[in-house]
Amino acid sequence: MLDQLFSRNIDCVVAGTPAGLKFAYNSVYKRHKKDKELYSIHLYDSFENVLDRLRFYDVDSNPIDEPMSPAKRKRYLRAIKADYSYFKSSYERADLQISIEHVPLHDILELIVSELGKLQQQ
């Protein structure tokens, strides 16, 4: 699907997981990057902020309230740190690293556009 999307002459944004730059998607990305203006972006935040931004949903995609006890918070933080460690090499492959620490969600898009503009001017 990604190969087909990149083969088209359209502008698009593809949001993916860090596995996308670790496994098969990375080869598709590299192949198309030779012919197109493609950028991979790693948005990073502190582990605590990632945890605070988590939202939980039921099987029907309805938001649910997930009380966060200190013990549960500690488990989630440990899992977030483990995921980061596992995917660290993927994050480092991204063309652009953007910190979203202390950036409100509604301002992140503007930040990305600004940083891409700087990258394209180089």
Side-chain angles (χ1 to χ4, degrees):
M1 174 78 111
L2 190 61
D3 191 39
Q4 290 176 16
L5 182 63
F6 286 164
S7 295
R8 295 182 180 174
N9 190 21
I10 58 172
D11 291 334
C12 65
V13 174
V14 177
T17 65
L21 290 175
K22 189 170 184 73
F23 303 115
Y25 293 165
N26 195 37
S27 63
V28 173
Y29 173 78
K30 284 181 179 179
R31 184 171 60 250
H32 287 277
K33 189 170 173 64
K34 296 174 189 173
D35 304 324
K36 290 187 165 238
E37 199 171 351
L38 296 177
Y39 300 99
S40 58
I41 302 170
H42 169 219
L43 301 177
Y44 62 93
D45 204 342
S46 70
F47 300 127
E48 292 77 12
N49 286 346
V50 170
L51 178 58
D52 291 340
R53 292 182 196 249
L54 284 181
R55 298 297 173 258
F56 299 89
Y57 298 87
D58 66 18
V59 295
D60 296 317
S61 298
N62 298 308
I64 57 175
D65 186 33
E66 181 71 24
M68 199 62 72
S69 68
K72 187 181 276 189
R73 186 172 176 83
K74 188 175 180 178
R75 281 195 311 274
Y76 274 104
L77 276 172
R78 191 171 30 246
I80 290 167
K81 289 175 183 179
D83 282 351
Y84 179 83
S85 179
Y86 179 77
F87 287 110
K88 187 176 181 187
S89 64
S90 295
Y91 298 137
E92 291 169 349
R93 286 190 189 106
D95 300 315
L96 193 56
Q97 307 285 329
I98 301 175
S99 172
I100 59 170
E101 190 166 4
H102 307 298
V103 178
L105 289 177
H106 56 81
D107 291 339
I108 292 174
L109 179 58
E110 185 178 327
L111 176 61
I112 294 168
V113 169
S114 172
E115 293 299 317
L116 277 172
K118 291 176 191 175
L119 183 65
Q120 291 171 332
Q121 290 174 357
Q122 295 177 354

ILVMFWY cluster, Ile100 and Leu105 together (side-chain gap under 4.5 Å)
yes

Taking side-chain hydrogen bond (donor to acceptor under 3.5 Å, both in side chains) as the test, write out the residues that go with Arg31, two or more places apart.
Asp3

For residues 43-57, which residue pairs pass the salt bridge (charged side-chain N to carboxylate O under 4.0 Å, His left out) check, not counting sequence neighbours?
Asp45-Arg53, Asp52-Arg73

Who passes salt bridge (Lys or Arg N to Asp or Glu O under 4.0 Å) against Arg75, sequence neighbours left out?
none

Quick check: Phe87 with Tyr44 (ring centres under 6.0 Å apart)?
no

Any non-hydrogen side-chain atom of Ile112 less than 4.5 Å from a side-chain atom of Leu43?
yes

Side chains of Leu116 and Ile41: closer than 4.5 Å at any heavy-atom pair?
yes

Does any N or O in the side chain of Lys36 come within less than 3.5 Å of the main-chain N or O of Arg8, such that one atom is a donor and the other an acceptor?
yes

Salt bridge (charged side-chain N to carboxylate O under 4.0 Å, His left out) pairs, two or more places apart, involving residues 109-122
Glu115-Lys118

I'd like to know if the side chain of Tyr29 and the backbone of Ser40 have a donor-acceptor N/O pair within less than 3.5 Å.
yes

Please identify each residue that fulfils side-chain contact (heavy atoms from CB on, under 4.5 Å) with Asp58, with sequence neighbours left out.
Asp60, Asn62, Ile64

When you measure from the side chain of Asn49 to the backbone of Glu101, do you find a donor-acceptor pair of N or O atoms at a distance under 3.5 Å?
no

According to a 4.5 Å side-chain heavy-atom criterion applied to Ile, Leu, Val, Met, Phe, Trp and Tyr, with indirect links allowed, do Ile108 and Val113 form part of one hydrophobic cluster?
no

Candidate pair Phe6 and Lys33, rule side chain to side chain contact (heavy atoms under 4.5 Å, CB included), full reasoning
CA-CA 9 Å; Phe6 286 164; Lys33 189 170 173 64; over 6 Å; no

For Ser114, side-chain hydrogen bond (donor to acceptor under 3.5 Å, both in side chains) partners two or more places apart:
none

Distance col, row Ser69:OG vs Lys74:NZ, nearest 0.5 angstrom, shows 11.5 Å

Please name all residues satisfying side-chain hydrogen bond (donor to acceptor under 3.5 Å, both in side chains) with Glu37, sequence neighbours left out, ordered by chain then number.
Tyr39, Gln120

With sequence neighbours left out, the residues meeting salt bridge (Lys or Arg N to Asp or Glu O under 4.0 Å) with Lys30 are none

Under the rule for salt bridge (Lys or Arg N to Asp or Glu O under 4.0 Å), what residues qualify as partners of Glu66, not counting sequence neighbours?
Lys72

Tell me every residue that passes salt bridge (Lys or Arg N to Asp or Glu O under 4.0 Å) with Asp107, counting only those two or more places apart in sequence or in another chain.
none

Pairing residues for Tyr84 by the side-chain contact (heavy atoms from CB on, under 4.5 Å) criterion, not counting sequence neighbours
His42, Phe47, Lys88, Tyr91

Are Val28 and Ile10 co-members of a hydrophobic cluster defined by side-chain heavy atoms under 4.5 Å apart?
yes

Lys34 meets the side-chain contact (heavy atoms from CB on, under 4.5 Å) criterion, sequence neighbours left out, with none

